[in-house]
Amino acid sequence: KAEPGYSREMDNERMLLFVLHLTSFCLHDMLVSNDWFGAEQIVIISASSKTSTGLAYGLANDDNAPNVIGLTSERNLALVNRIGAYDSALSYEQINEIDSSKPTVIIDMSANTSVLSNLHMHLGDNMRFTSNVGLTHWEEPQHAEGIIQERSQMFFAPGHIQQRIKDWGRAEFDTKSMAYVSHSVAQSRAWMQIKELNGLNELAAIYENVCNGSVAPDEGLIVVM
């Protein structure tokens, strides 16, 4: 109630997306502040994840951003194309179709070491920087041959937030981040399907599907208690 202009109509999106898209905002800010690491294209792995789409919408809204390629599983390729945030989308089996002659930044939301290794080897020295963000493939081994470790770095959003609050002040950080998140969330409403679950029993019934990744990426699950 202390928040100016608060409206309950965005409560579902607040629960599902706001924190994820705040990470997206931080990633976009990191890329901008590093002048895109000299890249001419950005590859986002696990492009159907909600943090990925939040970043993709921010990049699409930035006239200075390089070309953005969404990399995803074959079963999610149609959705990644449908959301309209990426300049192009490819499945994991199509890595070799990425132009390896262009300097490239990778945003890895997956920790799928097999995919990341193949992509690093395909790009070679044109792999300028990899930001390791998420663990959508949390069961994967965390080390693989071919990954260029010296140009890879884990991204820690809370640390980035603390630094930017120090740089800008709390009020400016809130203004910039909320403008970003409000835009990306509004874009996501066009395709995200809200599904309500009634209490802990319905949560328990779907919990295994959440853990094994079989819940459709365009679903947002809300548990009503």
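Quick caveat: nothing in here was measured; it's all calculated off a predicted structure.
Rounding to the nearest 0.5 Å places CZ of F37 at 12.0 Å from CZ of R128. Within the model, atoms NE2 of H122 and OG of S117 stand 13.0 Å from one another, a figure rounded to the nearest 0.5 Å. With rounding to the nearest 0.5 angstrom, the CG atom of L79 is 12.0 Å from the CE atom of M192. Here OG of S24 is found 12.5 Å from CG of D29. Values are rounded to the nearest 0.5 Å. Here CG of L221 is found 9.0 Å from CD1 of I194. Values are rounded to the nearest 0.5 Å. To the nearest 0.5 angstrom, D218 atom CG is 11.0 Å from K195 atom NZ.
Hydrophobic clustering places Y86 together with W36 (ILVMFWY residues linked when any side-chain heavy atoms are closer than 4.5 Å, directly or through intermediates). In the hydrophobic cluster analysis, where Ile, Leu, Val, Met, Phe, Trp and Tyr join through side-chain heavy atoms closer than 4.5 angstrom, I42 is grouped together with V32. No single ILVMFWY cluster, assembled from side-chain heavy atoms under 4.5 Å apart, contains both F156 and V133. Under the 4.5 Å side-chain contact rule for hydrophobic residues, I107 and L77 do not share a cluster. By the criterion of side-chain heavy atoms lying less than 4.5 angstrom apart, applied directly or through intervening Ile, Leu, Val, Met, Phe, Trp or Tyr residues, Y207 is not grouped with M225; the two fall into different hydrophobic clusters.
Smallest separation of non-hydrogen atoms from S33 and R164: CB-NH2, 3.7 Å. A pairwise comparison of heavy atoms in A47 and S52 identifies O-CB, 3.7 Å as the closest pair. Closest approach of I148 and G124 over heavy atoms only: CD1-O, 3.7 Å. Annotation for C26 and A157: closest pair SG-O, 4.4 Å, computed over non-hydrogen atoms. Nearest heavy atom pair, residue L22 against residue V181, reads N-CG2, 3.9 Å.
Shown here is K176, whose NZ atom has more than 12 heavy atoms of other residues, nucleotides or ligands within 6.0 Å. The environment of CG in D167 is crowded: more than 12 heavy-atom neighbours from other residues, nucleotides or ligands sit within 6.0 Å.
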### Task
List the steps, then state whether salt bridge (Lys or Arg N to Asp or Glu O under 4.0 Å) holds for R151 with D125.
CA-CA 10 Å; R151 278 181 258 159; D125 197 47; 3.0 Å; yes
### Message
Determine whether H120 and S152 satisfy the following criterion, side chain to side chain contact (heavy atoms under 4.5 Å, CB included), listing intermediate values before the conclusion.
### Response
CA-CA 10 Å; H120 276 220; S152 303; 3.7 Å; yes
### Task
Would you sort out whether S110 and D108 count as a side chain to side chain donor-acceptor pair (under 3.5 Å), showing the intermediate values?
CA-CA 6 Å; S110 70; D108 179 26; 2.7 Å; yes
### Query
Taking it one step at a time, do M178 and F25 satisfy side chain to side chain contact (heavy atoms under 4.5 Å, CB included)?
CA-CA 9 Å; M178 286 310 298; F25 165 78; over 6 Å; no
### Task
Would you check, one step at a time, whether the test side chain to side chain contact (heavy atoms under 4.5 Å, CB included) holds for M109 with T23?
CA-CA 11 Å; M109 302 288 184; T23 297; 5.9 Å; no
### Message
Please determine whether side chain to side chain contact (heavy atoms under 4.5 Å, CB included) holds for the pair K50 and L16, giving the CA-CA distance in whole Å, both sets of side-chain angles, and the decisive distance to 0.1 Å.
### Response
CA-CA 9 Å; K50 293 176 176 66; L16 289 164; 5.5 Å; no
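Residues N209 and N212 form a side-chain contact, since some pair of their non-hydrogen atoms from C-beta on lies under 4.5 Å apart. Residues I95 and L90 form no side-chain contact, since every pair of their non-hydrogen atoms from C-beta on lies 4.5 Å or further apart. Residues I98 and L123 are in side-chain contact: their nearest non-hydrogen atoms beyond the backbone lie under 4.5 Å apart. Under the 4.5 Å side-chain criterion, counting only non-hydrogen atoms from C-beta, P66 is not in contact with K102. The shortest distance between side-chain heavy atoms of N112 and S46 does not fall below 4.5 Å. Contact check for E202 versus V224: no side-chain heavy atoms found under the 4.5 Å cut-off. A heavy-atom distance below 4.5 Å is found between the side chains of H21 and S188. L59 places a side-chain heavy atom less than 4.5 Å from the side chain of I44.
The side chain to side chain contact (heavy atoms under 4.5 Å, CB included) test with Y92 is passed by exactly one of L119, V115, N118: V115. Of the options N126, T104, N67, a side-chain hydrogen bond (donor to acceptor under 3.5 Å, both in side chains) to Q41 is made by T104 and by none of the others.
One N or O on the side chain of Q94 and one on the backbone of S91 form a donor-acceptor pair closer than 3.5 Å. E208 places no side-chain N or O within donor-acceptor distance of the main-chain N or O of I206, the cut-off being under 3.5 Å. With hydrogens and angles disregarded, no donor-acceptor distance shorter than 3.5 Å links the side chain of S182 to the backbone of A179. Using modelled atom types, one side-chain atom of N34 and one backbone atom of M30 make a donor-acceptor pair closer than 3.5 Å.
Below 30°, between 30° and 60°, or above 60°: for Y180 and H28 the angle between ring planes is between 30° and 60°, a tilted geometry. Taking the six-membered ring where tryptophan is involved, the planes of H160 and F155 are tilted, since the angle between them lies from 30° to 60°.
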